[in-house]
Every structure is written in C-alpha cells, then in structure tokens.
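Each ligand, and each atom within it, is numbered from 1 in the order the structure gives. In this chain, residues are counted from 1 in sequence order. Keep in mind that what you see is a predicted model, and the values were worked out from it rather than measured.
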Amino acid sequence: MSDKAYDSIKPIIWQDDNLQLLDQRLLPAEHRYITLKTVHEVAQAITDMVVRGAPAIGITAAYGVVIAARARLAEHPDNWQRAIEADLSVLAQSRPTAVNLFWAIDLMREFIKSLSTSDPIAALLTKAQNIHQEDIAANVKMGALGAQLIKEPCAVLTHCNAGALATGGYGTALGVIRTAFADNKITHVFADETRPWLQGARLTAWEMVQDDIPVSLLVEGAAAHMLKTSQNTDKPIRWVIVGSDRIASNGDVANKIGTYALAVLARYHGIKFMVVAPTTTIDMAISSGADIPIEERSTNEVLGFADQQIAATGAQARNPAFDVTPAELVDAIVTEKGVVLKPTLEKITVMMTTL
Ligand code: MRU
C-alpha cells in the first residue's frame with residue numbers, strides 16, 4: 001500500500017475559520033473544495049450530495065452548528081441559544097436516513113445548553129473537531145476488528161462508498177478492507193458501481209486506486225453471477241462488506257439501495273455479510289428497520305444521467321436511496337466498541353451499554 005494514501009483523502013476540512021467540503025459530485029475527475037459560509041449552504045450541500053455518507057454527514061452538521069452559532073451570536077448575543085433552534089431544524093431536514101446527522105445535531109444542542117464560557121464559538125468548534133477526530137479513531141479500530149473476522153486470503157464485494165470520503169477519514173467498510181489488505185487477507189476488491197450516483201465507480205474505485213488496492217467494478221446486476229462463479233477462481237468472494245446509514249436496535253440495517261439484494265444473494269451462496277458502522281449509526285430508539293425513514297430522491301436521477309435524459313419520454317421512475325437488510329441476513333456488525341455476531345436486540349443492547 002502506498003504510504004497512508006487514505007490520509008490525503010479529506011472530505012471535510014475546517015480551515016481559516018471556514019468549513020470546506022470536497023465536492024464529491026465532481027470526483028474523480030476534479031478535486032475541488034467549496035467553502036460554506038451559512039448554515040443554509042451547509043444543509044444544501046448535504047442534500048445535494050456534495051458531502052455524503054452517514055458519518056461525514058454528521059460531522060458536517062456539527063461544523064454547521066458552529067457556523068450557525070457564529071451568526072446567531074452576532075445577531076442575538078443574549079438569546080442565541082434559543083435562536084439557533086431554527087438552524088438545527090434546517091440541518092435536520094437535509095437528509096432523512098443517516099441517523100448520524102440527528103445524533104450530531106442532538107449532541108451539539110446538548111452541548112450548547114451546558115455552555116458557560118465566554119467564548120462559546122471556540123468551545124463549539126472544539127466539540128465539532130472532537131466528533132471529527134473520534135470518527136477517524138473509531139474507523140481505525142473497526143478496521144482492525146473487522147479484519148480479524150477474515151480468516152483466509154480472499155476477495156470481497158462492497159457496495160456504494162463507505163470509505164474515507166464517507167466519514168471523517170479511513171472509512172468503515174473500506175477501513176476494514178484497508179486493514180485486511182495490509183494484513184494480506186484481502187487480495188481483491190469487487191465494487192458495485194452503485195446506480196444512480198455511482199458512488200462505487202467514482203468514489204470507492206478512486207479510493208482503492210489511491211491505496212494501490214486492486215479493484216474491479218461490477219454493474220449491480222453482475223453480483224449474483226460473481227458470487228457464484230468467483231468461488232472456483234483465484235479471486236473467491238468470501239465476504240460482502242458494507243457500511244450503514246442507520247442500524248435499528250434489533251440489528252436491521254439501512255444502507256444504500258441494493259444492499260438488501262446483496263445480503264439475500266450472499267446468504268444463498270454461503271458468503272458472509274459484514275456491516276461496519278460506528279455506534280453513532282445505531283439508533284436504539286427504534287425497534288426495527290420498519291421505523292427507518294427511507295429517502296426517496298428525484299426521479300431525474302434514474303431517468304437521466306449527468307443531466308441528460310436517457311429513459312424513454314413518458315416513463316416514470318422510483319428512486320428509493322436506501323433499503324433495509326433484516327438482521328437475520330447479517331453475519332457480523334462491527335463497531336468501535338466490538339463485534340456483534342448474528343445481531344439481536346439483546347446483543348446490541350449489551351454492546352451499547354458497555355463502556
Ligand atoms: O447516499 P449516500 O452516498 O450518502 O449513501 C451512503 C451509504 O449508503 C453508505 O454506505 C453509508 O452512509 C455508510 S458510509 C460509512
């Protein structure tokens with residue numbers, strides 16, 4: 001692996017008192033940062049997929065609260081804590097599925113309530129930076145824990161992008177892949193291209209190439225064929241490894257649309273299914289995946305491509321951005337607090353309440 005290439009992938013930067021986001025809509029062709037000056041710009045950037053991936057959305061929202069507080073404090077020095085509630089709502093409406101967004105907003109809200117300093121902006125910034133750094137540390141930990149589950153050198157299949165770009169850095173599913181590749185346990189990565197935003201083709205493939213990890217792209221429809229036929233080749237797929245946007249307390253997993261299909265296919269073919277996500281992605285307030293709000297995005301994303309219509313005029317479309325994989329199809333959930341095999345409410349509760 002090239003010397004820590006993932007370290008140079010920074011989706012979110014706080015610099016010179018400003019929030020800068022790597023515009024992921026332009027990758028891999030262009031590596032351009034945009035600067036966000038208002039909370040409305042931050043929320044719009046999340047909605048528009050400038051930044052995406054559950055942990056990265058949460059971190060961005062935390063910095064968004066700092067930006068909001070700065071503006072509110074200047075306007076209403078005496079009651080900015082009350083005035084900022086409107087901004088927290090704006091951030092909360094940016095995308096519905098990734099629970100890390102709501103987790104980060106709630107954490108910042110509680111922190112604001114507890115503040116008794118003369119420099120609240122500095123304190124809020126430190127809080128946001130801690131959220132950011134703790135996410136990276138959690139990813140490195142999960143990388144080690146997930147890699148331990150892979151016993152023999154093999155190929156793996158991943159979906160969407162759960163990499164450095166989707167997090168504070170290093171990645172969740174791609175964090176495990178990075179660590180396991182360094183340990184010679186992963187020999188090859190197959191990546192679904194992930195229609196309609198092509199997070200696999202544009203982002204995962206790019207991250208793997210940066211780290212010199214061999215990667216082959218697949219159209220989603222090739223997954224069943226590859227899971228079956230790869231077994232007798234030099235690149236047998238033994239694990240499907242994905243991230244998550246929200247995990248219910250019973251272990252049901254919401255992730256990019258197409259993940260559920262992969263889990264069904266993996267079980268049918270006797271291939272293990274690993275979900276890698278920090279505990280900030282676990283929503284203990286909901287009892288099952290049925291309670292997870294699934295984002296439906298514009299049908300234009302399906303009917304067209306790069307602003308060009310490709311579908312027959314008059315055709316309708318559906319564009320659910322996520323699906324829910326039932327816990328019974330999940331072999332392992334890897335968090336920074338530990339690994340839960342065959343997840344259940346009881347096992348997840350024990351892990352979440354362990355320090
Ligand atoms: O629509 P996106 O690109 O935000 O969806 C991202 C995913 O589904 C990821 O797999 C998930 O957020 C985990 S990222 C570590």
Side-chain angles (χ1 to χ4, degrees), residues 6 9 11-12 21-25 27 45-61 94-104 132 135-136 138-143 146 157-178 191-207 220 240-247 253-263 273-283 289 292-298 301-302 319-325 330 333-336:
Y6 61 83
I9 302 175
I12 306 158
L21 296 177
L22 180 59
D23 191 341
Q24 299 193 29
R25 299 167 304 179
L27 286 171
I46 295 173
T47 304
D48 292 347
M49 312 273 287
V50 171
V51 63
R52 30 67 49 203
I57 291 171
I59 295 162
T60 301
S94 57
R95 285 191 83 186
T97 305
V99 76
N100 307 59
L101 172 69
F102 309 100
W103 170 85
H132 193 165
D135 182 68
I136 299 172
N139 291 338
V140 173
K141 189 116 183 264
M142 290 187 286
L157 174 60
T158 190
H159 188 65
C160 193
N161 171 265
L165 289 165
T167 62
Y170 200 65
T172 57
L174 293 195
V176 169
I177 288 173
R178 286 188 160 99
D192 278 347
E193 62 176 358
T194 319
R195 274 279 291 156
W197 273 86
L198 299 180
Q199 289 96 330
R202 295 188 302 105
L203 309 179
T204 293
W206 183 70
E207 286 199 34
E220 265 89 309
V240 172
I241 308 180
V242 296
S244 173
D245 285 80
R246 193 185 299 222
I247 300 174
V253 171
N255 192 46
K256 179 55 55 196
I257 191 77
T259 303
Y260 175 29
L262 275 182
F273 188 83
M274 185 194 306
V275 177
V276 189
T279 49
T280 53
T281 301
I282 298 181
D283 187 350
I292 299 177
I294 299 295
E295 178 182 18
E296 280 260 355
R297 294 185 63 88
S298 163
E301 294 177 356
V302 175
N319 189 12
F322 301 96
D323 58 26
V324 175
T325 298
V330 176
I333 294 179
V334 176
T335 77
E336 80 283 7

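- When heavy-atom distances to ligand 1 are checked against a 4.0 Å cut-off, Thr167 comes that close only through its side chain, counted from C-beta outward.
- Contacts with ligand 1 closer than 4.0 Å are made by no heavy atom of Trp197, backbone or side chain.
- When heavy-atom distances to ligand 1 are checked against a 4.0 Å cut-off, Ala277 has no atom that comes that close, whether in backbone or side chain.
- Both the backbone and the side chain of Lys256 come within 4.0 Å of ligand 1, judged by heavy-atom distances.
- The Thr172 neighbourhood of ligand 1 comprises atoms 15 (C), with distances under 4.0 Å to a heavy atom of that residue.
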Under the side chain to side chain contact (heavy atoms under 4.5 Å, CB included) criterion, do Asn255 and Val275 qualify, and how do the steps go? CA-CA 9 Å; Asn255 192 46; Val275 177; over 6 Å; no
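- Of the N or O atoms in Gly53, one or more lie within a sub-3.5 Å distance of an N or O in ligand 1.
- Ligand 1 has no nitrogen or oxygen under 3.5 angstrom from a nitrogen or oxygen of Ala162.
- Counting protein heavy atoms only, atom 10 (O) of ligand 1 is closest to Asn255 OD1, 2.6 Å.
- Considering only non-hydrogen protein atoms, atom 8 (O) of ligand 1 sits nearest to Asp245 OD1, 2.9 Å.
- Take Asp283 and apply the salt bridge (Lys or Arg N to Asp or Glu O under 4.0 Å) test, not counting sequence neighbours, and it matches Arg246.
- At the shortest separation from atom 4 (O) of ligand 1 among protein heavy atoms lies Arg95 NH1, 2.8 Å.
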